[in-house]
Amino acid sequence: MIKVQNQYNSSNGKAYRWFVVTGILVVLLVVFLAFNFYDALSKNQLEARKQFLNKQVELAAKDIQNHFGITYDDMVFFVNNLEPWTYDVPNEQLAFEGRTRRIFNNHRNLLDTIVVEFPDQVVSFYFDQRNNFIKNSFDTIDEAIQDKAAYINFENPVKNVKIRVAVNIDRFLGDQLGNYYLGINSEKLLYFNGELFGVFEYMPTKGYSIQPDVFKAIQKDIDIGLRGSYQGFLSNQPENREFEALIFQYPFSLYPLNEKFSVVFVQDRQSITSGVFSTYAYLLAGLMFLLVVVILILYRFIKNSQESNIILAQNSNKIASLFRQQNLLLQESRGFIYFQDAERRMTNVSEEVLKILGYDEAEFIQGFKSFIDPKDDKKLDAIIQKAILNKEESFSLEFNFKKKSGEWLRVRVFEKLFYDDQGNFTGNVGICTDIQDRFLADQELFKSNNRLISVLRSLPDIIFIYNNEGVFLDYYVQDESLLIRPARESIGKYIKDVLPEPLSSEIMEGFEKVKRTGKLVNIEFEAISQSGKKIFETRLFKLDDDRVISIARDITGQKLWEKGLQEAMEAAELANKAKSEFLANMSHEIRTPMNGLLGIIGLMEKTNLDAQQQEFLQVIKDSGQSLSVIINDILDYSKIEAGMMKLEVSKFHFKKEIEKILKIFNGLVQEKRIRLRYTFGPLMPEYVQLDRSKLGQILFNLIGNAVKFTPEEGEISIQINGELFMDTNVILHFTIKDSGIGIAADKISSLTQPFVQADGSTTREYKGTGLGLAISEKLIELMGGELNITSELGKGSVFSFNVYGTVWLEDEHDLSELAEQKSEEFEWVDMAKAYPVDILLVEDNETNLKFMQMLMKELGYEITIAKNGVEAVSAVRENHYDLVLMDIQMPKMNGLEATEIIRQMEGEKKFVPIIGLSANAFQEDINKAISIGMDGYLTKPVQVQEIALTIKKHHQLKIKKEAL
């Protein structure tokens, strides 16, 4: 019994010891896991804060740079629109000072003083401490400005007008950074030319310093334009604090300032994890209570967390590295780097110079001075000498570089200058960037603005512009004898103070209606002008949110002509002809620059682009194509209205054609999850004869409207029926029903009027020209049918119409001609090897000329250029060409006259094919060109594929002729 008891006690003792040991191991395990869990939580908390600060410092830097850039662009626009005679005209002076005050209000936190230098006068503007807007006048610029280096200069050399702007960088940067909240125990700092400033009460303040070795690393990254994250100690003398901190910086530039800036955000490292400890104590008690179960769960969780942290750290390092590389590439895109010694001899250049200028590295190093425009070379030397003399760290300049192909390229260079300890210049590194596109765009914008002003000044109408209070701001008047009083005397006065009663009340009533509704208001009235009693028709509408415009026309003669029917008909014909000529001219003016735009896009699609560039290019392409659709709508309606639209009958498979049109909308229908159903009636013919393109245009407009106005997950049904009569004739009935937003009953009757939409406000959700239904109705009438519209607001609409056609039966007619031909496509890059031809290009527009040169270079052709018809005739007389691409509108001699002369030179047998290449898109223009002797006609904007196919076709014709 004792032995058994001893064995029992021994057994219990062993079990107890194992229990104690197990308990100790469990406790140790819990402590171990708890420690690792706490460490993982701290690291996760720290990593999350790093990502937040990294993103915030980037947002702050880009926001500062964007706001400064907007101010700079506004000042450039301002100086380009100043006139040297501003202070010679009282109204222009008032308008100019108003614009100056708006500039100040828009950029109050940055601008301190604006000094405007006219040829005979200098004027300065600023706000004093009481917020009064102060203007001072001076005789010379030296009286207005004591320290010229403190100002940013803007100049319009054409008009001899300059603007000098003093900016308050401290206030601007303080205001911008004051908008960002980083939480407690954090600091917002600014790096400015080697010094750190804290933001205290929205102003940069000294007294902040970072651990020297860390600060040196920050400076190094800023000098080369890289963002970065660091860890070190920050000293805050104003608050007498010092702590270990996480530091993030993002450099930025304020063009045209040459100083180096960077936003620096700092966070107390210890404060990030201090709140974790107290929370963790409660969690530890819970862990002890659950023991084994919780231990197993925590062990697995900690292990996974550690693995995730390792992967996250690795990914974060990779992403940070990629961001640095991307940032550097973006800054140097479309450019190359070069190095020069103390004698400004070129010592090295990056390989990108070959892509930008066409020279290899050795050629550029040897002769780069000869590639600079001589005028720009002198200017560049002067700026460099001045920068070295003043010990400036960097400078930038725009000038022209001559490419190896002989073309001039607009570039911008930024150079960083280096000095030794004694201050002697030792060399420089520079970045040369291609800014040709931006330069050409700026030039085109300037020309467009001048053309718009010229158009307004040339209009025979009486044009006045007012503010929202009815004060005269500006005018464009050719014949002041039609006015009640001289236009100049009205500027700055109210309508009611200029016009007599009851006319002023009538005009003000229409003025208020325009402001209230945003719609155009027509007013017809009589007035005693300086040349006698006249009848005027005035249109009032909003120019923008702040201005209203009135366009008045003398219709005295029109009212008299209404007494006789013949005179009215002649006036209508003249007006219609003028409108057609205007639309033709506007079509040419718009299509000409669009040809360059859409053509360049076609070339750019063949280049190496990253995803973002492809996205930007697609936006530009879609916008250009949308504008082309709008222009075509306007031209189509003009042709219909003028009675020039004719039916072009063809035979085709009816159902296949309808299904092909419906496939166009597949993408948008799927995107909006619309249920689209279509059915054909029992008597539908298989083949029909009618105008296929116009039927397609009608269906495209009506179905497109149904898809556009039908909300997501809505329904559209299309029913097509046929009604046979007189054996071979058919009436085709179409019904398109949607579950869209519907149309108000009072709007339906006006929908088919040109340029009218159910919602005509500037805030409408669905955009468009308002011509689609008008064109569709006219085409339906042209095809012998009628358009009917029924709708209920909020429930949907039904559009129905019918057209007439002829039935074709397979057993009665030869249908082989109905085989559809697919559009020919082939790889056109370097096609000159397969299709060699000598080409003469006749073009006067510089933009289109550059596009065609670039296109022909991509195709592999060396072309001859003539800039007018005279040069074209001379070139054909002296040389042999396989193909001539001939523009129509040119100076000295147009393309039609040149073609006629060339054909007369050749006699009855044509020797050279001539293809018209013009923005004149009317059918009568095309017919006239063909009748004179052209072999084809391409309308602008022309696609790259069309040019390539035209060249291919005429090369094949040339081979056939030679074989004969």
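This structure is a prediction, so every number in the text was calculated from the model and none was measured.
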**Prompt:** Under 6.0 Å from the NZ atom of Lys542, do we count more than 12 heavy atoms belonging to anything else shown?
**Reply:**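 Above 12, so yes.
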**Asked** Do other residues, nucleotides or ligands put more than 12 heavy atoms under 6.0 Å from Lys958 NZ?
**Response**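 Correct, the count exceeds 12.
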For a side chain to side chain contact (heavy atoms under 4.5 Å, CB included) with [X], tell me which candidate from [options] qualifies.
X      : options                        : result
Phe734 : Ile703, Val803, Leu787, Ile718 : Val803
Leu779 : Asn701, Ile698, Leu695         : Ile698
Phe709 : Ile741, Asp738, Ile716         : Ile741

Less than 4.5 Å apart, any side-chain heavy atom of [X] and any of [Y]?
X      : Y      : result
Val798 : Asn788 : no
Glu686 : Lys655 : no
Lys778 : Leu782 : no
Asn845 : Met852 : no
Asn729 : Thr806 : yes

Using every non-hydrogen atom in the two residues, find where [X] and [Y] come nearest and quote the distance to one decimal.
X      : Y      : value
Gln719 : Phe680 : NE2-C, 4.3 Å
Glu715 : Arg677 : OE1-NH2, 4.5 Å
Ser550 : Thr538 : CB-CG2, 4.0 Å
Leu690 : Met783 : CD1-CE, 4.2 Å
Ala706 : Ile736 : CB-CG2, 4.2 Å
Val884 : Val842 : CG1-CG2, 4.1 Å

In Å, rounded to the nearest 0.5 Å, how long is the span from [atom1] of [X] to [atom2] of [Y]?
X      : Y      : atom1 : atom2 : answer
Ile947 : Leu917 : CD1   : CG    : 5.0 Å
Tyr937 : Lys928 : OH    : NZ    : 10.5 Å
Leu885 : His954 : CG    : NE2   : 9.0 Å
Ile914 : Glu900 : CD1   : CD    : 11.0 Å
Lys513 : Leu520 : NZ    : CG    : 10.0 Å
Lys795 : Ser739 : NZ    : OG    : 12.5 Å

**Prompt:** Does Val707 offer a backbone N or O that forms a donor-acceptor pair with the side chain of Lys672 under 3.5 Å?
**Reply:**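 A pair under 3.5 Å: yes.
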**Prompt:** If only atom types and distance count, is the side chain of Asp887 paired as donor or acceptor with the main-chain N or O of Gly895 below 3.5 Å?
**Reply:**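 Pair absent, no side-chain N/O of Asp887 close to backbone of Gly895.
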**Prompt:** Stepwise, does the side-chain contact (heavy atoms from CB on, under 4.5 Å) test hold for Val807 with Tyr687?
**Reply:** CA-CA 6 Å; Val807 178; Tyr687 295 95; over 6 Å; no
**Request:** Kindly indicate, with the supporting measurements, whether the criterion side-chain contact (heavy atoms from CB on, under 4.5 Å) is fulfilled by Glu777 and Ile780.
**Result:** CA-CA 5 Å; Glu777 183 184 53; Ile780 290 169; 5.7 Å; no
**Message:** As a quick check of understanding, evaluate side-chain contact (heavy atoms from CB on, under 4.5 Å) for Met934 and Met886, giving each step before the final call.
**Reply:** CA-CA 9 Å; Met934 287 189 173; Met886 179 80 71; 3.8 Å; yes
**Prompt:** In terms of side-chain geometry, is the basic nitrogen of Glu657 or Lys660 positioned less than 4.0 Å from the acidic oxygen of its partner?
**Reply:**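 Salt bridge present between Glu657 and Lys660.
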**Item:** Asn721 vs Glu723, side-chain hydrogen bond (donor to acceptor under 3.5 Å, both in side chains): CA-CA, chis, key distance, verdict
**Value:** CA-CA 7 Å; Asn721 294 306; Glu723 180 181 350; over 6 Å; no
**Request:** Kindly indicate, with the supporting measurements, whether the criterion side-chain contact (heavy atoms from CB on, under 4.5 Å) is fulfilled by Leu855 and Tyr861.
**Result:** CA-CA 9 Å; Leu855 169 59; Tyr861 293 103; over 6 Å; no
